[in-house]
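Naming: A, B, ... by sequence-line order, numbering from 1 per chain.
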2 protein chains.
Amino acid sequence: MAESRHGPRERMVFSAAQLIRRDGVGATGMRDVAAHAGAPRGSLQHYFPGGKEQLVNEAVAWAGRYAGGRVARFLAGLDEPAPSGLFAAMAAQWTHEYETDGFAAGCPVAAATVDCAATGSATREAVAAAFSAWRGPVAEALTGMGVPAARAGSLATLMISALEGAILMARAEQDVRPLTTVVRELGPLLDAAVVSSV
Amino acid sequence: MAESRHGPRERMVFSAAQLIRRDGVGATGMRDVAAHAGAPRGSLQHYFPGGKEQLVNEAVAWAGRYAGGRVARFLAGLDEPAPSGLFAAMAAQWTHEYETDGFAAGCPVAAATVDCAATGSATREAVAAAFSAWRGPVAEALTGMGVPAARAGSLATLMISALEGAILMARAEQDVRPLTTVVRELGPLLDAAVVSSV
DNA sequence: CCGCTACTATGACAGCGGTCATAGTCGGCC
DNA sequence: GGCCGACTATGACCGCTGTCATAGTAGCGG
């Protein structure tokens, strides 16, 4: 298994993110995380003395870094860089997963937000940081494509908002249509923000 | 209290929605719902023999009807009907709540989606129905404003997606900026979809 | 008064949650 | 070897959850 390359601690964080995005924070048990990661239960309190909250926070932070890191790879995969293409690639990751693996899972950051925004301020801050770690690279990518810096941040917020909402609706309806719809409708707006370099 | 006008059953459904949108489905206990509604605990199994799932489903359905019903009132409150105005009114409801009551609560439909989409197919269908009961009136309102019927549904999906995502980010960051940003960036796109009646 | 239905009121139960406590194992290093 | 730190392994604890069972009350038609 490729997972063996990663240490047990990393695997547990990864597994926590996986289970959280499927079942939510409340329904994800520590024992489940250990079992899913193939890690001993005793390691939980060893690596995460802060308990469940620490594990959740690290899972959220990991998800944020992962999402932010994907942006660069999406950019590299575009034939002709355009904001709409980036957005389409971001959404395509989800449509692909839903079409091949089903609609079981959503975004772990969204799950943590819903379950921990009211209680647990530490987790709330972790979620905010995750969104920031995601929005940053998106905004940078937009500026790199010719979007004025003043608007890049706003459009990044819009892109992530629309994507998160579409993920929710897609899971609810068990249909990727919300994702494709959002990509189609938002694409022209995004491309129109590029200042023509002609 | 005005709540006394409603029967205890209705109050419990309402309270369930309130607690779910604040703490999530998993963290909301049946006893909490009864206490919040000022209803006797024994009434739970009387009115909701289907247990927690039935209560959650009805709370979600109520939220969907509520959101759909608000659309008409938003429309009536607009000086000059425009898609951007409707969207701004939808978002303003949230910014107002967040600015006056804090960022404790989110959308109950989103919470139910996150917590029950993987398990509990009945709840998943209830969530899908709630989104539909929300999207329908929005799409109708758009057509009434001159948006071609073919695009109204798509734009309604986009509006709700962006709004839900912005709600998530606003709660995470404890700032209404995502909501205002989404309204500002999406407004022109929405108004541009109106076929000129000149 | 009886019987019936709607609703209320408690208590108990089984299960699972996160967390603590304790003991065991392994591997390196003086 | 002997020690020590890192990690593993279990078991127990307490609190909470949803649900069931049972008993009780209020109102009403006969």
Problem set entry | Student check: side-chain heavy atoms of Leu155(A) and Pro83(A) closer than 4.5 Å | no
Problem set entry | Length of the line joining Phe48(A):CZ and dC20(C):C1', which is rounded to integer Å | 18 Å
Exercise. What is the distance from CG of Leu44(B) to C1' of dT19(D), rounded to the nearest Å?
Worked result: 11 Å
Exercise. Which class fits the ring pair Trp94(B) and Tyr98(B): parallel under 30°, tilted 30 to 60°, perpendicular over 60°?
Worked result: tilted
For this session: Return yes if some donor-acceptor pair links the side-chain N/O of Arg21(B) with the main-chain N/O of Gly106(B) below 3.5 Å, else return no.
Result: yes
Seminar exercise, completed: Here the distance between atom P of dT17(D) and atom CE of Met30(B), to the nearest Å, is 12 Å
Problem set entry | side chain to side chain donor-acceptor pair (under 3.5 Å) between Glu58(B) and Gln54(B), worked out | CA-CA 6 Å; Glu58(B) 296 204 21; Gln54(B) 181 185 357; 3.2 Å; yes
Problem set entry | Distance, nearest 0.5 Å, that separates CE of Met90(A) from CZ of Arg70(A) | 11.0 Å
Problem set entry | Spacing between Glu53(B) atom CD and dG18(D) atom P, to the nearest angstrom | 13 Å
Exercise. Within this structure, what is the CG-to-C1' distance between Asp32(B) and dT19(D), rounded to whole angstrom?
Worked result: 16 Å
Distances for protein N/O vs nucleotides 7-10 of chain C N/O pairs under 3.5 angstrom?
unit_1: dC7(C); atom_1: OP2; unit_2: His46(B); atom_2: NE2; d: 2.9
unit_1: dT8(C); atom_1: OP2; unit_2: Ser43(B); atom_2: OG; d: 2.2

For this session: Check whether any side-chain N or O of Ser132(A) sits under 3.5 Å from a backbone N or O of Ala128(A) as a donor-acceptor pair, and report yes or no.
Result: no
Exercise. Arg11(A) has an atom CZ; how far is it from atom P of dC7(D), in whole Å?
Worked result: 13 Å
Problem set entry | Distance, rounded to the nearest Å, where Arg31(A) contributes CZ and dC16(C) contributes P | 10 Å
Exercise. In whole angstrom, what separates Leu19(A)'s CG from dG17(C)'s C1'?
Worked result: 15 Å
